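Bear in mind the structure is a predicted one, so any value in this text is a computation, not a measurement. Quick note on labels: first sequence line is chain A, next is B, and so on, each numbered from 1.
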Protein chains: 2
Amino acid sequence: MDQKCLLCTLRSSAENKLNPEELEKLSLNCLTVSFKKGDSIIRQGTYSTNVAYLKEGLVKIHIEGPYFTQVVRIVKRGHYLGLPTTFGDKVNQYSVSAVEPSEVCFIDITAFRDMLSSNSEFSSQILTELCKSELESYQKCVNRTQRQLRGKIAGVILEFADDIYQSDNFIISINQQEMGNLVDASRESVSRVLSEFGRDKILRMEGKEIEILNKKMLINIAQNG
Amino acid sequence: MDQKCLLCTLRSSAENKLNPEELEKLSLNCLTVSFKKGDSIIRQGTYSTNVAYLKEGLVKIHIEGPYFTQVVRIVKRGHYLGLPTTFGDKVNQYSVSAVEPSEVCFIDITAFRDMLSSNSEFSSQILTELCKSELESYQKCVNRTQRQLRGKIAGVILEFADDIYQSDNFIISINQQEMGNLVDASRESVSRVLSEFGRDKILRMEGKEIEILNKKMLINIAQNG
DNA sequence: TATTAATTGTGATTTAGATCACAATTAATT
DNA sequence: AATTAATTGTGATCTAAATCACAATTAATA
């Protein structure tokens with residue numbers, strides 16, 4: 001009798017709606033894999049028979065655009081990855097890579113679908129997650145196009161500080177090229193803006209360590225010009 | 001005994017999974033409303049107790065950005081509107097307006113949730129719709145930022161021709177300002193590109209009537225530069 | 001049908017950010 | 001520690017598209 005999911009402390013909010021029997025069934029159909037920074041977790045264009053759940057770590061969702069790779073979003077622990085594939089044509093429409101060391105739980109797609117149809121609370125949680133992500137996409141879409149670079153970079157720094165690390169002093173795990181892909185800017189422009197923030201004493205940067213010195217200002221830049 | 005949904009010929013794929021009793025219950029909890037071009041169907045920031053289903057017509061989803069309204073996408077008949085609100089905080093996160101005369105079916109949120117939990121085939125269809133829309137968002141996000149204006153406008157024209165009107169000769173129902181909001185460009189730039197397409201004999205335009213004269217070329221522009 | 005409002009076309013000018021080019025760091029590997 | 005590879009910083013130049021400005025159409029309404 002496999003109790004690994006029953007005993008797992010990193011279950012998703014959806015999985016928390018499952019009863020012990022369902023959790024046991026889940027245990028038999030899921031597999032946890034560790035990834036190092038930079039590892040590919042899901043590959044665009046490949047066939048998939050799993051849903052992935054990010055138990056621990058930080059990943060980026062990226063799509064191969066016509067000219068360069070675009071980072072669509074950064075996803076932190078506690079979210080599913082590749083849900084759209086589950087209900088689509090089973091071919092991954094985007095790639096996911098580890099930005100920090102990550103633990104991913106791969107769940108067999110059939111078992112996942114069974115849980116969806118047998119447990120309506122489970123499926124309601126999944127629906128909620130999908131809806132949130134749709135809204136986030138819309139918002140991102142507006143941000144990407146209606147703010148200028150300083151604002152977008154300020155926004156990303158704040159996202160890392162408030163949402164991801166919950167600290168104003170952190171080691172950022174993406175490089176300037178990746179940040180550029182995330183905010184639709186060239187590496188050089190990112191570098192220039194970051195230098196500017198340093199000069200203006202808004203940030204202190206040493207290598208990948210970032211400390212927010214003037215948060216008010218940063219928030220102001222993120223919101224306005 | 002209300003049979004309007006049972007007899008409705010414009011049911012969604014999800015509603016087609018409902019049995020006659022469920023359809024009767026739906027009939028008692030839904031209301032069809034007609035909208036004229038330009039009418040507001042869902043208002044960002046307002047409280048909502050309904051899910052909307054677009055039975056007929058064409059609408060745009062738009063969000064108030066910091067500087068201007070951004071048209072996130074055009075939605076044609078056969079899709080739900082405002083699903084994210086259903087599972088979110090009940091406050092509409094975006095607006096929806098009729099671009100063409102439209103028929104919208106408003107379904108009480110509680111009845112809708114009941115169907116989701118009682119009928120897993122129904123909920124599976126809804127999940128599928130949400131997933132598709134997520135993928136579409138990601139793709140749109142890449143298109144918005146990695147193609148230049150000529151390509152984006154060519155893409156929009158093709159979307160109207162192939163997906164919305166299924167004809168290479170149609171009356172476009174959005175003006176140049178709205179098209180600009182849809183492809184993140186100024187009204188003037190849209191005008192210039194359209195004139196250019198006219199000069200190059202790619203399109204013939206008379207007022208709002210558009211005829212595609214050189215589709216190969218248009219497709220080429222949409223894909224490449 | 002006259003008048004007002006909305007939409008469109010096109011030139012001139014400006015600008016945010018891209019691209020190019022190369023030096024300076026920093027990190028990874030032999 | 002030495003060498004190679006990856007990342008970063010910054011100036012100079014270029015460019016697609018924004019913005020400004022205003023005339024020309026077209027549509028809506030009194």
Side-chain angles (χ1 to χ4, degrees), chain A residues 36-39 65-71 97 99-100 143-157 171-200 203-210 221 224-225, chain B residues 36-39 65-71 97 99-100 143-157 171-200 203-210 221 224-225:
Chain A
K36 295 192 305 294
K37 180 180 164 65
D39 282 354
Y67 304 115
F68 51 87
T69 296
Q70 178 139 8
V71 178
S97 305
V99 159
E100 290 180 14
N143 286 344
R144 264 169 203 276
T145 50
Q146 288 196 37
R147 295 160 77 198
Q148 51 195 82
L149 196 48
R150 280 169 58 90
K152 290 192 279 189
I153 292 181
V156 169
I157 303 279
I171 311 284
I172 196 159
S173 43
I174 56 175
N175 64 27
Q176 295 184 354
Q177 177 66 67
E178 290 174 296
M179 192 182 293
N181 292 340
L182 186 58
V183 298
D184 307 319
S186 68
R187 191 223 99 218
E188 294 92 326
S189 296
V190 171
S191 175
R192 267 182 261 268
V193 169
L194 288 177
S195 306
E196 217 175 293
F197 285 173
R199 238 175 284 128
D200 297 349
L203 300 180
R204 185 183 59 75
M205 287 180 299
E206 263 176 71
K208 292 253 186 267
E209 190 193 344
I210 289 184
I221 293 171
N224 310 97
Chain B
K36 297 192 303 295
K37 179 181 164 67
D39 282 353
Y67 303 115
F68 51 88
T69 297
Q70 179 141 5
V71 177
S97 305
V99 159
E100 290 180 15
N143 285 344
R144 265 170 202 275
T145 49
Q146 287 196 37
R147 295 159 78 199
Q148 51 194 85
L149 197 48
R150 279 169 59 90
K152 290 193 278 189
I153 292 182
V156 169
I157 304 278
I171 311 283
I172 195 159
S173 42
I174 56 174
N175 64 27
Q176 296 184 352
Q177 177 67 67
E178 290 174 297
M179 191 181 293
N181 291 340
L182 186 57
V183 299
D184 308 317
S186 68
R187 192 223 97 216
E188 294 93 323
S189 297
V190 171
S191 175
R192 267 182 261 268
V193 169
L194 287 177
S195 307
E196 216 174 294
F197 286 172
R199 238 175 283 129
D200 297 348
L203 300 180
R204 185 184 60 75
M205 287 180 299
E206 264 175 69
K208 291 255 188 270
E209 190 193 343
I210 289 185
I221 294 170
N224 313 97

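- Candidate nucleotides D:dT10, C:dG17, D:dA17 were compared by shortest atom distance to the side chain of A:Gln148, and C:dG17 ranks first.
- Separating the CD atom of A:Glu196 from the C1' atom of D:dG11 is a distance of 15 Å, rounded to the nearest angstrom.
- Of the options A:Glu209, A:Lys208, A:Met205, A:Glu178, a side-chain contact (heavy atoms from CB on, under 4.5 Å) to A:Ile172 is made by A:Lys208 and by none of the others.
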If a pair means Watson-Crick or G-U wobble with both distances below 3.5 Å, what does DNA chain C look like in dot-bracket form, with | marking bases paired to a different strand? |.||||||||||||||||||||||||||.|
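- Contact between A:Ala154 and A:Ile221 at its shortest, heavy atoms only, is CB-CG2, 3.8 Å.
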Working for side-chain contact (heavy atoms from CB on, under 4.5 Å), residues A:Leu194 and A:Ile157: CA-CA 10 Å; A:Leu194 288 177; A:Ile157 303 279; 4.2 Å; yes
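- Note on residues 180-198 of chain B: pairs passing salt bridge (Lys or Arg N to Asp or Glu O under 4.0 Å), not counting sequence neighbours, are B:Arg144-B:Asp184, B:Arg150-B:Glu196.
- For A:Ser97 against A:Gly38, the heavy-atom pair with the smallest separation is CB-O, 4.5 Å.
- Distance OG/A:Ser189 to CD/A:Gln176: 10.5 Å, rounded to 0.5 Å.
- Contact annotation: A:Ser195 side-chain N/O to D:dT10 OP1/OP2 distance is under 4.0 Å.
- In this structure, A:Asn224 CG and A:Gln148 CD are separated by 11.0 Å, a value rounded to the nearest 0.5 Å.
- Taking only side-chain nitrogens and oxygens, A:Gln176 comes nearer than 4.0 Å to OP1 or OP2 of D:dG9.
- Between the CD1 atom of A:Ile153 and the C1' atom of D:dG9 there is a distance of 14 Å, rounded to whole Å.
- Across all their heavy atoms, B:Arg147 and B:Gly155 have their closest contact at NH2-CA, 4.2 Å.
- Rounded to an integer number of Å, the gap from A:Ile210 CD1 to D:dT8 P is 10 Å.
- Scanning for side chain to side chain contact (heavy atoms under 4.5 Å, CB included) contacts around A:Ser173 gives A:Lys37, A:Leu58, A:Val99, A:Glu100, A:Phe160, A:Tyr165, with sequence neighbours left out.
- Counting to the nearest Å, the P atom of C:dA16 and the CZ atom of A:Arg147 are 17 Å from each other.
- When rounded to the nearest whole Å, the span between CG of A:Leu149 and C1' of D:dA17 equals 17 Å.
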Base versus backbone protein contacts along nucleotides 25-30 of chain C [heavy-atom cut-off under 4.0 Å; B, S, -]: ------
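- One can place CG of B:Asn175 at 10 Å from C1' of C:dT8, the figure rounded to the nearest angstrom.
- Non-hydrogen atoms lying under 4.0 Å from DNA chain C are contributed by A:Ala185, A:Ser186, A:Glu188, A:Ser189, A:Arg192, all within residues 185-193 of chain A.
- In this entry the distance linking CZ of B:Arg199 with P of C:dG9 reads 10 Å, nearest Å.
- Distance, B:Ile174 CD1 to C:dA6 C1': 16 Å, rounded to whole Å.
- Scanning both residues, B:Ala185 and B:Val190, for their nearest heavy atoms gives CB-CG2, 4.3 Å.
- Evaluation of the side chain to side chain contact (heavy atoms under 4.5 Å, CB included) rule for B:Gln146 yields A:Pro66, A:Tyr67, A:Phe68, A:Gln70, B:Val142 as partners, not counting sequence neighbours.
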